[in-house]
Structure formats: C-alpha cells, structure tokens
Amino acid sequence: MDAKDQPQAKVTRSIVFVTGEAAPYAKSGGLGDVCGSLPIALAARGHRVMVVMPRYLNGSSDKNYAKALYTAKHIKIPCFGGSHEVTFFHEYRDNVDWVFVDHPSYHRPGSLYGDNFGAFGDNQFRYTLLCYAACEAPLILELGGYIYGQNCMFVVNDWHASLVPVLLAAKYRPYGVYRDSRSTLVIHNLAHQGVEPASTYPDLGLPPEWYGALEWVFPEWARRHALDKGEAVNFLKGAVVTADRIVTVSQGYSWEVTTAEGGQGLNELLSSRKSVLNGIVNGIDINDWNPTTDKCLPHHYSVDDLSGKAKCKAELQKELGLPVREDVPLIGFIGRLDYQKGIDLIKMAIPELMREDVQFVMLGSGDPIFEGWMRSTESSYKDKFRGWVGFSVPVSHRITAGCDILLMPSRFEPCGLNQLYAMQYGTVPVVHGTGGLRDTVETFNPFGAKGEEGTGWAFSPLTVDKMLWALRTAMSTFREHKPSWEGLMKRGMTKDHTWDHAAEQYEQIFEWAFVDQPYVM
Ligand SMILES: Nc1ncnc2c1ncn2[C@@H]1O[C@H](COP(=O)(O)OP(=O)(O)O[C@H]2O[C@H](CO)[C@@H](O)[C@H](O)[C@H]2O)[C@@H](O)[C@H]1O
C-alpha cells in the first residue's frame with residue numbers, strides 16, 4: 001500500500017507493547033509473529049509505538065539484534081532478594097521503537113523459554129525483570145529525543161508481561177505515576193499462565209497486601225499430595241484482575257475462555273470481566289507472507305496466475321525426496337508438537353490416511369515422543385510421508401506454498417496463523433472448528449446462495465473419523481472438481497488478512513479504556 005493510502009487513526013496514542021518475543025528478533029510461535037507485526041501496523045496509522053522484550057543472546061540469534069544500540073540507561077530492579085541491574089538496547093525500525101532489556105539471564109543456549117531439560121527454572125525471575133523494566137522504559141528512555149511519558153497504553157501479551165498491570169496498580173499509581181495510563185491484556189494462549197508456588201510471592205517485590213491479585217489455589221484434584229494446599233501465584237490471573245481491558249485473539253476464543261471447557265481454570269474470573277473482554281482476529285504481515293514476493297520461495301505466483309504454485313509444489317516434492325506428481329494431493333502440517341495442536345489425532349489417522357494416494361509433510365518440534373514418531377513414520381511410508389523435525393521459517397514458507405491442503409486439528413486454537421498464511425498462499429485449510437479456526441475458515445458449500453462459497457473445511461467434533469472425512473472430501477474436490485478447487489484457492493487468496501482492520505479494532509478498545517477510570521486506581 002502506498003503511504004498516502006494508509007488509513008490513519010482518529011486519535012493517536014503512545015503505545016507500549018510488552019512481550020516475551022517478537023519476530024524477527026526472537027520467535028517461538030504465533031506470539032512472536034503478532035508482536036512483530038501489529039506494532040508496525042499501529043505505527044503506520046500514526047501512533048507512537050514501543051515494543052519492550054528481552055535481548056536474548058544464544059549464539060545463532062545474536063545477529064538479529066545487531067542493529068540495536070546500547071542506550072547507556074541502567075536501572076536496578078528490587079526483587080528476588082536483591083537489586084538486579086538491567087540495561088536497555090534500542091533499534092528504530094519501521095517507525096517502531098524496539099527496546100531490548102538486557103540481563104545475563106537472557107543469554108543462554110536453548111530456546112527462549114527452556115532447553116532439552118524443560119522450561120528454565122528461573123522464568124518467573126526473567127519475566128519479572130522484563131515487567132519492571134517495561135514500566136520504567138517510557139519514563140527514562142529518550143527515544144528520538146523524547147520520553148514516552150506517563151500517558152501510555154500498555155499492551156501486555158500473555159503471562160510473560162502480565163505483571164505490568166499489577167505493578168502499575170501496586171507500585172506506581174499510589175505515588176501519582178501512570179494515573180493517565182491504561183493497560184490491555186492480550187491473551188494469545190491461556191494454556192500458559194506463569195504459575196509458581198505461593199512461597200515465591202515475596203520475591204516479586206510487591207507490597208504484601210497485593211498478594212490477593214496473584215493468589216491462585218489449585219483445585220483439590222490437581223494437588224500433588226494430601227498435605228498440598230494448592231497455593232500458588234499466577235501471573236496471568238494478576239493481569240486478568242488488574243488490566244483495564246482484555247482482548248483474546250479471536251471472537252470465538254473470547255467466548256471459549258469464559259467456559260469451563262476452554263477457560264483453563266480462569267473461566268469464572270474471565271466471565272466476571274466480560275464487560276471489558278473482546279476478541280479481535282489477528283492479521284498477518286503481508287510483507288513477510290506474500291506469494292508474489294516471498295524470498296523463501298523458488299517461484300512466485302498470484303491469484304491471477306497460479307502457475308508458480310504448481311512449480312513450488314514440484315520443488316517441494318523434490319526437496320523432500322517425494323515423487324514429483326502434480327495430481328497427488330499434498331497435505332501439510334506446521335506447528336509446535338504439542339497437545340494443543342492435536343498431533344495425537346494425526347498420529348492415529350496416519351495408518352488409514354496412508355492407504356490413499358496422498359503425500360503428507362509435517363514440520364514441527366516440541367514433544368520428543370512426537371518427534372520420534374515423525375521420524376519413524378517417515379521410514380514406514382517412504383513415498384508418502386515426510387517428518388521434518390525442527391524449527392525453520394524458510395521451510396515453513398515453502399511448505400505453505402507447496403502444499404494443496406493445510407491440516408490443523410487443534411484441540412483449541414485462540415486464533416491460529418497458519419490457516420491465514422495458507423489461505424493467502426492458495427493452500428486450502430482443513431481445520432477443527434474451534435476458536436479462531438472457526439472464525440476464519442468457512443466450510444466449502446457447492447450450493448451457496450451466490451454459487452460456490454467457502455475457503456476450506458472446518459470439521460467438528462474433533463475425532464479421527466471426522467478429520468478423515470474432511471480430508472477425504474477435500475482430496476476428492478482437489479482431484480475431481482478442479483474448477484471448485486480453484487474457486488476455493490482464489491477465495492482464500494482474496495480475503496483481507498491484513499493487520500489494518502485489526503489495528504482499527506484495537507484502537508477502539510484503547511478508546512474505551514481511556515474513557516473509563518483505570519481498573520485499579
Ligand atoms: N517448526 C516450525 N518451524 C517454523 N515455523 C514454525 C514452526 N512451528 C510453528 N511455526 C510458526 O509459528 C507460528 C505459529 O503460530 P500459531 O498462531 O499457529 O500458533 P501458536 O500456538 O504458536 O500461537 C498462539 O498465539 C497466536 C498469536 O496470537 C495464536 O494465533 C495461536 O492460536 C496461539 O496458540 C506460525 O508462524 C508458524 O509458521
């Protein structure tokens with residue numbers, strides 16, 4: 001879009017994103033994508049936007065931070081029985097101030113949150129530091145010559161950033177600071193809440209009377225032994241209680257989190273805050289995910305000329321060592337190998353699916369049991385199945401472009417980005433109709449009011465049979481109804497997945513937040 005066509009916000013604000021990850025600096029999943037692109041979309045609409053995240057260094061990713069300069073600002077954070085010094089680095093890119101909090105606990109091998117032995121034992125400490133640093137950044141960092149000041153909208157993402165609204169309420173507002181600021185909690189995934197034993201509360205440096213905001217008691221069935229009282233502190237709960245507004249990353253998920261099935265223990269609390277709870281479907285970064293320009297692809301294509309997609313498919317088959325055949329449906333899966341993503345259903349369905357004339361490629365890392373299963377399945381079905389264990393952004397782009405069908409049997413999915421990328425690339429999604437998947441994938445209807453309708457298949461309930469039914473329907477449409485298939489591809493490709501619409505909805509939420517008094521004064 002030309003800069004002159006870029007819609008502008010009616011009211012511009014100072015916005016401070018706080019996050020555990022943002023692409024391209026550090027990404028482990030969809031949170032990184034969103035925090036790497038929504039801030040840019042908001043800045044393009046005229047807001048002043050800062051993103052505060054850790055400066056993770058672990059060798060391979062160091063180059064991502066190469067353009068971030070040392071600001072010479074140091075602060076000491078009083079927590080965990082001491083005073084911990086952090087410093088700030090800064091890069092101005094795409095009209096956004098990217099601020100990186102530096103501390104030795106962010107410099108280590110492994111992924112962002114853990115290594116082969118599991119989650120890091122000091123994650124509570126690492127993200128407590130991030131939250132304190134994020135509260136100080138707008139007050140002390142002169143970025144482009146000016147501080148952001150006390151009139152900000154803090155956008156706190158998931159549990160890593162959830163201490164921010166608690167700190168605003170407990171440590172700043174009582175002293176007259178940040179009374180004009182507001183906070184919005186964005187829930188990308190309720191499955192991770194930052195829960196630690198209650199005995200860690202004094203480490204957080206919060207006044208004792210604020211214990212109730214973080215207090216969390218496990219139900220009896222979830223306790224480890226008869227003497228376990230289940231007492232814990234829960235960062236995400238703290239933000240649910242103290243944030244001015246709560247956003248989930250789709251409307252479907254904003255309802256699901258208020259139910260016993262989808263609320264992960266926080267459903268009653270979230271229901272009590274329904275008046276400030278909204279859902280906004282994520283957009284995608286179309287500079288990064290665009291089949292007409294994508295640097296990771298061997299060939300480019302567009303809705304007007306799909307020939308490049310067939311070439312991408314052939315290249316992908318070659319790269320994977322699968323028979324190069326245009327007529328065979330190529331199904332892809334990309335994602336964390338996690339219970340959430342329904343990998344166990346794929347595992348159960350594979351023996352039956354492999355009886356069909358089909359090819360299947362999976363890219364993912366996570367649970368070692370599923371990683372091992374992917375490797376062994378590959379050796380059982382040499383001409384049909386490839387399991388790529390690892391995390392590779394270029395490979396994910398090539399799979400998205402080269403496949404005909406993208407499968408997402410997620411047990412729950414707050415929004416899901418891969419189905420949006422798939423549609424953008426003319427790859428037809430077959431998904432479990434849950435959360436954001438149900439909101440974004442419209443099931444194919446050959447007899448719609450205006451002719452054929454739909455962009456994929458959203459099956460429900462989540463069973464192996466139903467998933468196989470949806471895949472078989474998709475495969476037979478691919479083989480036997482080429483014009484319908486092309487219609488499906490084109491309808492997906494022409495849908496508006498840009499961030500601009502979502503950014504406008506976020507502006508509305510911010511406006512409502514500033515009309516109200518802060519939730520905790
Ligand atoms: N092995 C691999 N190699 C390369 N890339 C890989 C990969 N595994 C995953 N990815 C990438 O990571 C991202 C995953 O995003 P999703 O939104 O699908 O899921 P995630 O559960 O991480 O995000 C959570 O947050 C997002 C953002 O709000 C929600 O959409 C989602 O529902 C919620 O669960 C995609 O960009 C995908 O391509």
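Indexing begins at 1, ligand by ligand and atom by atom, following the structure's order. Numbers here simply count residues along the sequence, with the first being 1.
Separation of the W159 and Y127 ring centroids falls under the 6.0 Å cut-off.
A salt bridge links R45 and D500; the closest N-O separation between the charged side-chain nitrogens and carboxylate oxygens is under 4.0 Å. Ion pairing between K341 and E413 holds under the 4.0 Å rule for side-chain N and carboxylate O. Look at D344 and R411 and you find a salt bridge, because one of the NZ, NE, NH1 or NH2 atoms lies within 4.0 Å of a carboxylate O, short of that distance. The residues R438 and E256 are annotated as salt-bridged, a charged nitrogen and a carboxylate oxygen being separated by less than 4.0 angstrom. Using a 4.0 Å cut-off between charged side-chain N and carboxylate O, K295 and D288 make no salt bridge.
At least one heavy atom of K27 sits under 4.0 Å from some atom of ligand 1. Using a 4.0 Å heavy-atom cutoff, G416 is listed among the residues neighbouring ligand 1. Residue-ligand proximity: G390 is placed with a non-hydrogen atom under 4.0 Å from ligand 1. Residue contacts with ligand 1 include Y421, since one or more of its heavy atoms lies under 4.0 Å from the ligand.
At a 4.0 Å heavy-atom cut-off, ligand 1 does not touch D338 at all. At a heavy-atom cutoff of 4.0 Å, ligand 1 is contacted by the backbone of S392 but not by its side chain.
Ranking the protein heavy atoms by distance from atom 21 (O) of ligand 1 puts R336 NH2, 2.5 Å first. For atom 36 (O) of ligand 1, the nearest protein heavy atom (residue, atom name, distance) is D33 OD2, 2.5 Å. At the shortest separation from atom 31 (C) of ligand 1 among protein heavy atoms lies E413 OE2, 3.2 Å. Protein heavy atom in closest approach to atom 38 (O) of ligand 1: N418 OD1, 3.0 Å. In this structure, the protein non-hydrogen atom closest to atom 19 (O) of ligand 1 is K341 NZ, 3.1 Å. Protein heavy atom nearest atom 22 (O) of ligand 1, with residue, atom name and distance: G30 N, 2.9 Å. The protein heavy-atom contact nearest to atom 16 (P) of ligand 1 is L417 N, 3.8 Å. In this structure, atom 2 (C) of ligand 1 lies nearest to the protein heavy atom F391 CD1, 3.4 Å.
Of the options N282, D158, N157, a side chain to side chain donor-acceptor pair (under 3.5 Å) to H188 is made by N157 and by none of the others.
Under a 4.0 Å criterion applied to the non-hydrogen atoms of H188, ligand 1 contributes the atoms 24 (C), 25 (O), 27 (C), 28 (O), 33 (C), 34 (O). With ligand atoms numbered from 1 in the order given, ligand 1 contributes 27 (C), 28 (O), 30 (O) to contacts under 4.0 Å with heavy atoms of N282. Counting atoms of ligand 1 from 1 in the listed order, those under 4.0 Å from a heavy atom of V34 are 27 (C), 28 (O). Interface of G29 with ligand 1, defined as ligand atoms under 4.0 Å from a residue heavy atom, comprises 12 (O), 13 (C), 14 (C), 22 (O). Close contacts between ligand 1 and V249 involve ligand atoms 28 (O) [criterion: under 4.0 Å to a heavy atom]. Residue N189 has at least one heavy-atom neighbour below 4.0 Å for each of these atoms of ligand 1: 34 (O). Taking a cut-off of under 4.0 Å to the non-hydrogen atoms of P414, the atoms of ligand 1 that pass are 32 (O), 33 (C), 34 (O). Close contacts of ligand 1 with Q340, meaning ligand atoms under 4.0 Å from a residue heavy atom, involve 21 (O), 34 (O).
Looking at Y25 and E91, their side chains do bring a donor and an acceptor atom within 3.5 Å of each other.
Side-chain contact between I331 and L471 is present, with heavy atoms from C-beta onward closer than 4.5 Å. Within the 4.5 Å cutoff, side-chain heavy atoms of V257 are placed close to those of L277.
Taking the centre and axis of the six-membered ring of Y148, the NZ or CZ atom of R48 falls inside the cone set by 45° and 6.0 Å. Judged by the 6.0 Å and 45° rule, R386 forms no cation-pi pair with F360.
Taking all atoms of both residues into account, the shortest heavy-atom contact from V358 to M354 is CG1-CE, 4.2 Å.
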